Engineer: 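One structure coming up, written as structure tokens, with questions to follow.
Everything numeric here is computed off the predicted structure, so don't read it as measured data. In what follows, chains are A, B, ... by sequence order, proteins preceding strands, each numbered from 1.
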Amino acid sequence: MGDKAKKSIIDYILSYSEKQKKKPVKTKEKTSSKKAIEKTEIQITHNIWDLIGKIVVIAEKPKAANKIALALSRNPIRKSMYGIPYYLIKNRHSSIIVASAAGHLYGLHTDQYGYPVFKYEWKPLYQIDPKAKHTEKFIMVLSKLCSNADYYVNACDYDIEGSVIGYLIIYFHGDLEKSLRAKFSSLTIEELRESFRKLTSLDWEMIEAGLCRHELDWIWGINISRALMSSVKIASGKRVILSAGRVQTPTLRYVVEKDIERRLFIPLPQYSLSINIFKNNYEIHVEYKGKSVETKKNAKEIIDEIKRTGYLIVKKYEEKIYTLNPPPAFNLGDLQEEAARIYGFSPYKTQSIAEKLYLDALISYPRTNSQKLPPTLNYKAIMNKLSRINNYKELVSNLLVETKGVLKPVQGSKDDPAHPAIYPTGVKPKDLGKDEWKIYDLIVRRFLAAFASKARISHRIVYLEYPKDPSMVFQASGQKILDLGWLRYYPFSKPEERFLPKFQYGEKVKIVKASIRKTYTKPPEKINKIKILRWMENVGIGTEATRARIIEILFSRYYLRSVGGRVEATDLGLGIIEVLMEYFPEITSVSLTRHFEEEMEKIRLGVKRREEVVKDAKNTLIKLIVSFDKKKYQIGKTLSYRLGYITPINKCILCNREAYKNNLCKYHYRALNTVIKTYDEWKRREGVDWNKYLSSIKKLKSTGKWIVEVIQNFEKIKYSPSE
DNA sequence: GCAAGGTC
């Protein structure tokens, strides 16, 4: 229906605007530049107050409907149907109904079983998903309110999804030929009013791009998921829910690769010089800042010489007062990170709590990426309300004194087209649970801190060198908080205070302790949920609303599990990535998202059509599925081994995975090779023999799990070093 | 039942 409707709507708008021109319509577009003329058919706008008859305005969510109604009228009539609110605004020539969706009310669905499947249609969400039952009432209300209107205004958020949400409602219940679009990027009264004075024709490019994104995600996700499940079914007769998708699969791959690195890690020994100096009756540990020493012999020689010398010389001493700027108000990612750091909450838990606080009207919209507070917000009113909450009474009055009532928040660099940073509304919380309080408190304190002064910290640092070898540098530092500033309001980032006496340049400082300390190279970092979320943000996959949820999906599929606060991949997770990397490599990479974005951009520019893009994806998938199906039984076997449904005939002697070489699975085989390869380096550094090497790394905590398993069972593996 | 995307 796309292009046909597109054409007719333009015709309609054009003819409509002819009629409008006859009226004395105020128009700001008086420029006669060539550009403006070329763009005329897109730029024609309509003032809602010039429209005659019944106008249905569709907002994305009830809160937005409320704000829109209040922007359009000082006293809109609030009505309700099936418990869903909507608003009526009557004028001499028109009556405006502001109604609301609740996010997507329609979703893609197919009746067909099996794969490949490329036949799907938009259906009401409540018919597809039992968890979306609430959407039924919204659809009932919209369908009633939409009947026989003269105009429909899509006033959903001005982004791709908002364009799709409004479009589908008008498509099913209204008339696309009588439709207009309101474009606003915040829900402030001024901006809303302006957008309704400048309604445009429906944004077809956005709609088409959005519909396309839904279809692409659906055909890639559903087909590959079904292929995986079907392979297990034919190989072991078991039904299990497996899935793959543009966002979840690259995320899983990221964790799997990090995990493999950790499990194959062998630490290398290195030596550091540990020295304590004595100054003003204080014994101070100085940190060695030179190159780490790789062999014990070398380290011993150096430290003996240093001991003989008995002192270090101050090369540089600095006293500085530095300031810590207050952090900006939260976006969702920052809130999730802080709640994880301070309280150990999972991103999903934090988000769910924030959503509840939002629905209770305690905080602003939480699904935002913005770190900026809008200048239009009445900060004083919020402060006054917050001061009525016991916990914040004193803090707020402090803040008002400190700022002398000039409330100017710091602004972060991250922005969001549709929403500001998260802030408390000032509504008094009632009956909050313990964890809910923790999140609310973080938000309030972070908001207050944004207005406060910088923290001032005095910092001392001394660099000492060994006189006989100036490349050997040691350092110590101390710091003291001079002025808490914003840390009074947000005490969760307080730097630790540490004393350091004053030093003089060139001063000789006595050494009271000197020894060598054996350390080891560090293993790859542990992964936790917040790191996964930050990674998704950085590579640009998922959205504020979906990232935490998608991480949880990986857990519910049992691709990932939590072990003492950190995340590890299961055998199934490893297997899924192995299979997908081989047969559907596209979906394991974030570049699929980049590809979608490029295609959507082409649609928006009008150089490619949605149908073409979808057809390309379909052709790509069909080819991939053909090669998958050729190996389907074997793939199903592999996944079934990893699920523990069946046992491989040739099993790895160290685990339940299928053997690859030397009676080891591919991971233990890699571990074996790593053990062998790393021996030379250990021998060079430590002068150890093979057995000593094995027993040494076996004992170390950071040695990877697969490495340890290989060492523990070395006799079974029947490998002896060829020397 | 399977995606990702909105929001109650």
Side-chain angles (χ1 to χ4, degrees), chain A residues 58-65 82-85 100-117 120 122 125-126 128-139 141 156-157 159-169 209-233 239-252 351-352 354-356 358-360 365-368 418-419 536 541-554 556-557 576 584 587 592-593 596-597 600 617 621:
Chain A
I58 298 151
E60 187 157 321
K61 45 187 169 281
K63 286 221 165 139
Y82 309 119
I84 309 286
S100 154
H104 279 292
L105 299 179
Y106 295 87
L108 289 173
H109 180 75
T110 186
D111 293 324
Q112 295 184 352
Y113 294 100
Y115 73 96
V117 51
Y120 45 79
W122 287 96
L125 270 186
Y126 68 89
I128 310 171
D129 180 3
K131 277 171 282 176
K133 210 162 179 272
H134 65 278
T135 56
E136 182 169 13
K137 283 180 178 171
F138 281 87
I139 288 181
V141 173
C156 295
D157 295 356
D159 52 30
I160 282 189
E161 296 304 323
S163 296
V164 172
I165 292 168
Y167 160 79
L168 287 170
I169 290 164
L211 292 172
C212 186
R213 203 275 307 147
H214 279 269
E215 293 182 42
L216 290 176
D217 273 328
W218 193 92
I219 61 178
W220 277 91
I222 301 296
N223 279 294
I224 299 177
S225 299
R226 286 185 177 184
L228 292 171
M229 289 186 274
S230 168
S231 76
V232 171
K233 184 78 177 43
R239 281 184 196 281
V240 59
I241 297 174
L242 298 174
S243 63
R246 173 177 58 84
V247 179
Q248 63 169 258
T249 304
T251 306
L252 174 62
Q351 177 169 353
S352 308
E355 276 158 7
K356 182 186 179 285
Y358 164 69
L359 292 176
D360 287 351
Y365 188 81
R367 289 179 287 258
T368 174
H419 309 280
M536 295 169 85
I541 56 174
T543 67
E544 268 63 43
T546 58
R547 285 180 201 120
R549 210 159 63 197
I550 288 172
I551 293 171
E552 295 304 320
I553 288 175
L554 296 174
S556 66
R557 298 270 176 278
I576 291 285
F584 298 99
I587 206 154
L592 187 62
T593 294
F596 278 22
E597 286 165 353
M600 283 160 66
L621 266 164

Engineer: Touch check for A:Gln248, heavy atoms < 4.0 angstrom, all strands: base, sugar-phosphate only, or nothing?
Structural biologist: sugar-phosphate

Engineer: If you look at every strand shown and take non-hydrogen atoms under 4.0 Å, does A:Tyr358 touch a base, only sugar-phosphate, or nothing?
Structural biologist: sugar-phosphate

Engineer: Identify whether any heavy atom of A:Gly107 sits under 4.0 Å from a base atom; if not, whether one sits that close to sugar-phosphate; answer base, sugar-phosphate or nothing.
Structural biologist: nothing

Engineer: At a heavy-atom distance below 4.0 Å, which nucleotide of DNA chain B is the first touched by chain A, and which is the last?
Structural biologist: B:dG1 to B:dC8

Engineer: For the rings on A:Trp122 and A:His214, is their centre-to-centre separation under 6.0 Å?
Structural biologist: yes

Engineer: Output yes when A:Lys133 and A:Glu136 qualify as a salt bridge under the 4.0 Å nitrogen-oxygen rule, no when they do not.
Structural biologist: no

Engineer: Classify A:Leu125 by what it touches in the nucleic acid, base, sugar-phosphate, or nothing, heavy-atom distance under 4.0 Å.
Structural biologist: base

Engineer: List the atom of A:Arg226, the atom of A:Gln112, and the distance in Å for their closest heavy-atom pair.
Structural biologist: NH1-O, 3.1 Å

Engineer: How would you label the contact of A:Tyr365 with the nucleic acid (heavy atoms, under 4.0 Å): base, sugar-phosphate, or nothing?
Structural biologist: sugar-phosphate

Engineer: Quick check: on DNA chain B, is the nucleotide nearest A:Thr110 upstream (toward 5') of the one nearest A:Tyr106, or the reverse? Name the residue that is more 5'.
Structural biologist: A:Thr110

Engineer: Look at the aromatic rings of A:His419 and A:Tyr365 and report parallel, tilted or perpendicular, splitting at 30° and 60°.
Structural biologist: parallel

Engineer: Any salt bridge between A:Glu161 and A:Arg213, counting N to O under 4.0 Å?
Structural biologist: yes

Engineer: Looking for any heavy atom pair under 4.0 Å, which part of the strands does A:Arg246 touch: base, sugar-phosphate only, or nothing?
Structural biologist: sugar-phosphate

Engineer: For A:Ile160, which contact category applies under a 4.0 Å heavy-atom criterion: base, sugar-phosphate, or nothing?
Structural biologist: nothing

Engineer: Using a heavy-atom cut-off of 4.0 Å across all strands, would you classify A:Ala132 as base, sugar-phosphate, or nothing?
Structural biologist: nothing

Engineer: Touch check for A:Ile241, heavy atoms < 4.0 angstrom, all strands: base, sugar-phosphate only, or nothing?
Structural biologist: sugar-phosphate

Engineer: Select base, sugar-phosphate, or nothing to describe what A:Arg557 touches, counting heavy atoms under 4.0 Å on all strands.
Structural biologist: sugar-phosphate

Engineer: Can you tell me if NZ on A:Lys137 sees more than 12 non-hydrogen neighbours from other groups inside 6.0 Å?
Structural biologist: no

Engineer: Hey, which sits more toward the 5' end of DNA chain B by its nearest nucleotide, A:Asn223 or A:Thr546?
Structural biologist: A:Asn223

Engineer: Is there a donor-acceptor contact under 3.5 Å from the side chain of A:Thr135 to the main chain of A:Leu105?
Structural biologist: no

